[in-house]
Structure formats: structure tokens, C-alpha cells
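Throughout, protein chains are lettered first and strands after them, A, B, ... in sequence-line order, and every chain is numbered starting at 1.
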Amino acid sequence: GEDVEQSLFLSVREGDSSVINCTYTDSSSTYLYWYKQEPGAGLQLLTYIFSNMDMKQDQRLTVLLNKKDKHLSLRIADTQTGDSAIYFCAEEFGGGAQKLVFGQGTRLTINP
Amino acid sequence: KAGVTQTPRYLIKTRGQQVTLSCSPISGHRSVSWYQQTPGQGLQFLFEYFSETQRNKGNFPGRFSGRQFSNSRSEMNVSTLELGDSALYLCASSQAVGMNTEAFFGQGTRLTVV
């Protein structure tokens, strides 16, 4: 089945690291994505990881992929107030066809 | 390089009417996908077009349809609008060639059905 699960809320202190977790179902997915959505806006592609990778780092963002457990995480180092948003993980289905299945989104709140 | 452009940004329609939303993909991108976002159901896949052909379709009624033109621009149409169709409609474009499958989203069209 097609199912992506995320916790709904995360609250961290400014300057701390944020870790957003996601579990997915389809082990044949080629790519897994992280998107950010700010109020009233569309989805901003943050980063993605190819399924044969374990880790990808991009400035303050680190993506970890555990294929055995079908677990994906996004770590944001030195979290800032501008990081407040909803974060979605998404799994790509359908081979070459662009079909993404999204989690429910994790609302990240930053405390001063 | 211009991003994905969706028009209009906001729409208010009455139940029973029909609506057409437009999406212009990033230049060079041949794949356009459409998604519906609601507070209750989250983000749900509607359909995907590549080179004017629908390649994949989500689980939505036939009132939801789309098409893609030769310049890769896409439109989606919803007929006989219902209150439950109120949502943010997002389109995404992708090169969808080889390893280049990242999907970039537009700002969305917020549809309100009254």
C-alpha cells in the first residue's frame, strides 16, 4: 500500500537541532523527498535522497535513510525562527511517472 | 529561470459551477502533476501528464480532469463543484527524464466553493 507517516508536531528551542521523522511503505521507491511549506505558500523542495544512499548532507540539512526499517529523517542544525513551517516527506511512486505520496506534515515550532 | 506559475491564485465559485486552473511549468520540464491539499485529507495526487499524455491518475471522481498542451502548460478542470472541492490546488513540474525527477511546486490556486 501507499502510506507515509509523520508525527504532526515538533517544538524546539532556537539554536537546537530539529529532527523530523518519517516512515514509508514502498521499498521500490527511487527517491524520497523533503518539502517545506510556509503559511499561504506552495511547497518548497528542500532536499531529496536517492534510495541507494544512507545519508545526504546539504548545509544545515542532513537526511538519513534506513531502508531496512523504511525510515527517513531530516535533521536541521542550528534551528532558526525562519525554519518555522510544516515539513512534508514524500515517497515517489510509479517509476518514471511523477506521483508523490506525502505524509501528513510535521509542524515545526521554534521557541525563543 | 522562472518557477512554476499557477493562475489564478485565488478563486471563489458557487456549487454546481465548473472551474479551470492553469499551470505553466519550468521551461524545459515536460511533466506536470496536480495535487489537492485540504486540512482533512492532506496532499493527494490528482494526475500527471507527460508530453500531452496522462500517465497516472489518482483516486478522484471523473469531475476532475486535466490536459496538457504541446508547450507543456497544463490545465485542470473541475465540473459540478461541491463544497468539499474547496482546497489548495498545487501543480508540480519535473524534467522526469533519467535521474532528473525532482518535482518543483507552484504557489497553488486556492479554490473556495460557496
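- Linking Ile, Leu, Val, Met, Phe, Trp and Tyr residues whenever their side-chain heavy atoms come within less than 4.5 Å places Leu90(B) and Val101(A) in a single cluster.
- Counting only residues at least two apart or on different chains, the salt bridge (charged side-chain N to carboxylate O under 4.0 Å, His left out) pairs with a member in residues 57-75 of chain B are Arg63(B)-Glu82(B), Arg63(B)-Asp85(B), Arg67(B)-Glu75(B), Arg73(B)-Glu75(B).
- Residue Tyr49(B) does not touch chain A at all, counting heavy-atom pairs closer than 4.5 Å.
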Pair up each side-chain donor or acceptor in residues 51-59 of chain A with any protein partner under 3.5 Å, not counting sequence neighbours, and list the distances.
residue	atom	partner	partner atom	Å
Ser51(A)	OG	Ser29(A)	O	3.3
Ser51(A)	OG	Thr30(A)	O	3.3
Lys56(A)	NZ	Tyr48(A)	O	3.0

Derivation and outcome, side-chain contact (heavy atoms from CB on, under 4.5 Å), residues Lys99(A) and Arg55(B): CA-CA 10 Å; Lys99(A) 176 183 176 181; Arg55(B) 294 198 298 184; over 6 Å; no
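- Under the rule for a side chain to side chain donor-acceptor pair (under 3.5 Å), Ser84(A) has no partner lying at least two apart in sequence or in another chain.
- For Leu88(B), the part lying near chain A is the side chain, with the backbone staying farther off; criterion is any non-hydrogen pair under 4.5 Å.
- The contact between Leu45(A) and chain B is made entirely by side chain atoms (from C-beta outward), counting heavy-atom distances below 4.5 Å.
- Residue contact with chain A, scored on non-hydrogen atoms closer than 4.5 Å, is absent for Gln6(B).
- Close approach to chain A, defined as a heavy atom under 4.5 Å from one of its heavy atoms, is seen in Ala103(B), Phe104(B), Phe105(B), Gly106(B), Gln107(B) of residues 103-114 of chain B, taken by number.
- Looking at Gln44(A), neither its backbone nor its side chain comes within 4.5 Å of chain B, counting heavy atoms on both sides.
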Evaluation steps, ring-ring contact (aromatic ring centres under 6.0 Å, His included), between Tyr35(B) and Phe102(A): CA-CA 10 Å; Tyr35(B) 293 82; Phe102(A) 287 86; 5.6 Å; yes
